[in-house]
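Since the structure comes first, as structure tokens, the remarks are kept for the end.
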Amino acid sequence: MTNLKNLRGMVDLLPAQSESWQKVESIARTHFSRAGLKEIRTPIIEKTELFSRGIGEGTDVVGKEMYSFDDRGGRSCTLRPEGTASVARSIIQHGLLNKGPQRLWYEGPMFRYERPQAGRQRQFHQIGVEFVGLASVISDAEAISIAWDFLKDIGLKDLTLELNSLGSNEDRFVFKEELKEWLEKRFDLLDEDSQKRIKVNPLRILDSKNNDTKKLLHDAPSLNDFLSKESKTRFDYLQNLLDDLNIPYKINYKLVRGLDYYSHTAFEITSDHLGSQATVCGGGRYDNLISELGGQKTPSIGWAIGMERLLILASDSILTSRSPDVYVIHRGLESEKLALNIARQLRSINFSIELDYSGSSFSKQFKRADKSGADWAIVIGENEVLKGQLKMKRLRNIGNKDGSKEYIFSTGELDKLIAKLNT
RNA sequence: GCGGGUGUCGCCAAGUGGUUAAGGCAGCGGCUUGUGGUGCCGCCAUCCGGGGGUUCGAAUCCCCUCACUCGCCCCA
């Protein structure tokens, strides 16, 4: 087993966890379908160009985190590092906007070549929502509220919604020049990373984690002061709507986010229980992405939640795994046939049944039955077969009304056994 | 790409130069030739991430390497 191990940062999802994932996914689906969203599934590999153009050449994701390779035809391909660009591409390609605005969700693996650490893997999973072709502030509020309510429903506590407005392209352009000038005057005081960023992406210096730079930035021009009247009104109205929905938020003027396509609304939902990678959900408005990729100008907003991070935070009720309803114990050839048959019949009416395969002693089988967590054991041995009977035993005391632990049914009256199971 | 930490059975874990590598959990078998959750007994690493070296002798010291992990950057 020395060579054949998983690639770094690629994680197996083992049976012990898959049930929790399914629960989360099922809750997500409920939320999405209530909100009238439709699912979209796109390939996990795209032309490299889609991401470099869509996400932005200057971003970390494109600059150093993409899983890119040439296929046998010499085309440069990339494992998707995020979902939005693919969704945008698909919408343009299939002319979906001719049918009106698209309200979509997606789920699946994403790939980023980074050093793995807590809450970060190279293959990770996002579940995301995109409202494409919607410009109104209500759509921002709606998108945010879907994320917020979903996370709350999963049982996450101590979440913070951080909110900012990046303004329009024009706002940002003016601000960027101003900021650049301000920073250049203080070039020597900046940390190395930030010095490099001045030319490429000065906005990103704003959320530098370097303490000295942070201090310095206290007096830097704020993007907020450069927002046009329209942008400001927009931002104010969004806050207004969130207030109405009783969704608490914290304005964070330094929140810029690492993908180029955002404008106006940008937000993150964070938790202090995640260690260093605090963001569980991130998103924003991307009014220029679709046109950037060759479509019509199409205002849009979306977000993505990291499944792995979500599951780190999920409540115990999501994480506990389900036991079978009934454990079937049997010994002997005839019993085996009957056991298989009974299991099948009970399964057909939606009971979950675990059948013992060991052929070991009853005592052993009972121990296993107990460990399985099942409430009931059905015991089928030679005596039972001879008498045409089934013995059913209660393994746990929950809801034991009549005080009895053992029940005997004839094989002909399975309905009585089922009635007992339902008590 | 750059820092810090760790690497002994499926999981947890003792052992820090002296040769049979504790223990617990899980697993398997038995006590109990048909009845559970307790208890008791037995089995379960010729090997200590890998490769070199030092030594009479190493899991324990040195070197290299790999993997995992936490953090930086950035993000989900």
Side-chain angles (χ1 to χ4, degrees), chain A residues 1-3 5-9 11 14 16 55 58-65 80-84 107-128 147 151 191-194 196-197 201 204-205 207-211 213 255-259 266 268-271 274-283 302-313 327 329-332 335 356 358 360-386 391-397 405-406:
Chain A
M1 254 329 274
T2 38
N3 309 321
K5 298 216 302 186
N6 59 335
L7 257 15
R8 160 174 284 167
V11 180
L14 300 175
I55 299 170
T59 62
D60 278 10
V61 169
V62 171
K64 53 181 201 187
E65 294 169 7
R80 63 181 181 195
E82 56 106 49
T84 304
E107 204 234 319
M110 308 292 163
F111 302 83
R112 264 125 89 161
Y113 194 92
E114 297 178 273
R115 280 297 285 274
Q117 63 188 70
R120 169 185 294 159
Q121 297 150 208
R122 289 184 173 179
Q123 176 178 333
F124 61 105
H125 296 76
Q126 287 187 334
I127 191 156
L151 293 174
D191 61 283
E192 207 180 320
D193 269 348
S194 298
K196 274 188 228 154
R197 283 211 184 104
N201 201 342
R204 287 255 310 285
I205 298 177
D207 61 8
S208 166
K209 305 293 187 294
N210 181 288
N211 280 330
T213 305
L255 177 71
V256 291
R257 304 190 47 72
L259 312 182
E268 282 184 7
I269 299 175
T270 59
S271 161
L274 273 175
S276 189
Q277 264 55 48
T279 306
V280 65
C281 172
W303 51 253
I305 283 173
M307 279 292 280
E308 285 80 1
R309 291 184 189 176
L310 171 55
L311 278 146
I312 291 171
L313 297 170
Y327 193 96
I329 289 171
H330 59 91
R331 199 157 156 77
S335 317
D356 197 289
S358 66
S360 39
S361 69
F362 278 97
S363 148
K364 284 288 163 197
Q365 294 197 48
F366 263 102
K367 278 181 187 166
R368 268 190 284 271
D370 187 57
K371 257 175 207 161
S372 79
D375 286 342
W376 294 93
I378 289 178
V379 186
I380 309 171
E382 282 158 20
N383 292 345
E384 281 77 11
V385 173
L386 281 177
K391 191 178 278 182
M392 190 158 82
K393 207 162 174 182
R394 195 186 277 280
L395 297 174
R396 253 144 270 278
N397 266 335
K405 280 184 87 174
E406 259 184 54

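Protein chains get the first letters and strands the later ones, always in sequence-line order, with residue 1 at the start of each.
One atom, CG of A/D60, and another, P of B/C74, lie 7 Å apart when rounded to the nearest Å. The distance from atom NZ of A/K5 to atom P of B/G10 is 12 Å, rounded to the nearest whole Å. One atom, CD1 of A/I380, and another, C1' of B/U35, lie 14 Å apart when rounded to the nearest Å. Distance CG (A/D356) to C1' (B/G36): 12 Å, rounded to an integer number of Å. Rounded to whole Å, atom P of B/C73 lies 20 Å from atom OH of A/Y113. The distance between atom CG of A/N383 and atom C1' of B/U33, rounded to the nearest whole Å, is 13 Å. Between A/E82 atom CD and B/C74 atom P there is a gap of 18 Å when expressed in whole angstrom units. In this entry the distance linking CD of A/Q117 with P of B/C74 reads 12 Å, nearest Å.
Comparing B/G23 with B/U46, their P atoms sit 16 Å apart, to the nearest whole Å. Rounded to whole Å, the C1' atom of B/U8 lies 4 Å from the corresponding atom of B/C48. Comparing B/C62 with B/U54, their C1' atoms sit 7 Å apart, to the nearest whole Å. B/G51 and B/A59 have their P atoms separated by 12 Å, given to the nearest Å. For the P atom pair drawn from B/G57 and B/G39, the interatomic distance equals 47 Å after rounding to whole Å. Atom name C1', nucleotides B/C43 and B/A76: the rounded distance is 47 Å, in whole Å. For the C1' atom pair drawn from B/C61 and B/G18, the interatomic distance equals 14 Å after rounding to whole Å. With both ends at atom C1', the span from B/C63 to B/A58 equals 15 Å, rounded to whole Å.
At the heavy-atom level, A/K371 lies under 4.0 Å from the strands shown only through sugar-phosphate atoms. A/A369 comes within contact range of no nucleotide atom at all, as no heavy-atom separation falls under 4.0 Å. Within 4.0 Å of A/G119, counting heavy atoms only, lies at least one base atom of the nucleic acid. Across all strands, A/R368 comes closer than 4.0 Å only to sugar-phosphate atoms, never to a base (heavy-atom distances). Note on A/D370: a base of the nucleic acid sits closer than 4.0 angstrom, heavy atoms only. Within 4.0 Å of A/E114, counting heavy atoms only, lies at least one base atom of the nucleic acid. Residue A/G381 is in base contact, counting any heavy-atom pair closer than 4.0 Å across all strands shown. Residue contacts shown for A/E382 include a base, since a base heavy atom lies under 4.0 Å away. Base engagement by A/Q121 is indicated by at least one non-hydrogen atom pair under 4.0 Å involving a base atom.
A cation-pi arrangement is present between A/R122 and A/Y113, with the terminal nitrogen or guanidinium carbon under 6.0 Å from the aromatic centre and inside a 45° cone about the axis.
Under 4.0 angstrom from either OP1 or OP2 of B/C74 there lies no side-chain N or O belonging to A/Q277. Within the structure, a side-chain polar atom (N or O) of A/R257 is placed less than 4.0 Å from OP1 or OP2 of B/A76.
The closest side-chain heavy-atom distance from A/D375 to A/R394 is not below 4.5 Å. You'll find the side chain of A/I380 reaches within 4.5 Å of the side chain of A/I378, heavy atoms only.
Out of B/G1, B/G36, B/C74, the shortest distance to the side chain of A/K367 is found at B/G36. Here the side chain of A/R115 is nearest to one of B/C2, B/U35, B/A76, namely B/C2. In this structure, the nucleotide among B/A26, B/G30, B/G3 sitting nearest to the side chain of A/K364 is B/G30. Minimum atom distance to the side chain of A/V379 is reached by B/U35, of the listed B/A76, B/G71, B/U35. Taking the side chain of A/L395 as heavy atoms from C-beta on, and the options B/C73, B/G36, B/A76, the nearest nucleotide is B/G36. If you check B/A67, B/A76, B/U35 against the side chain of A/R8, the one that comes closest is B/A67.
Across all strands shown, the partner of B/C2 is B/G71, judged by Watson-Crick or G-U wobble contacts whose two distances both fall under 3.5 Å. Of all nucleotides present, none satisfies the Watson-Crick or G-U wobble test against B/G36 with each distance under 3.5 Å.
Judged by closest nucleotide on RNA chain B, A/L7 is the one of A/L7 and A/G275 placed further toward the 5' end. Residue order along RNA chain B, read from the 5' end via each residue's closest nucleotide, puts A/K391 first among A/K391 and A/I305.
The CZ atom of A/R331 sits 12.5 Å away from the CG atom of A/N383 when rounded to the nearest 0.5 Å.
Residues A/S271 and A/R309 have side chains that never bring a donor and an acceptor to within less than 3.5 angstrom of each other. In summary, the side chains of A/Q126 and A/E82 do not present any donor paired with an acceptor at a separation below 3.5 Å, with no hydrogens or angles considered. With no hydrogens or angles considered, a side-chain donor-acceptor pair links A/H125 and A/E308 at under 3.5 Å.
Using a distance-only test at 3.5 Å, with no hydrogens or angles considered, a donor-acceptor pair links the side chain of A/Q365 to the main chain of A/S360.
With hydrogens and angles ignored, a donor-acceptor pair closer than 3.5 Å exists between the side chain of A/E384 and the base of B/G34.
Look at A/F124 and the base of B/A76; the rings stack, centres closer than 5.5 Å and planes less than 30° apart.
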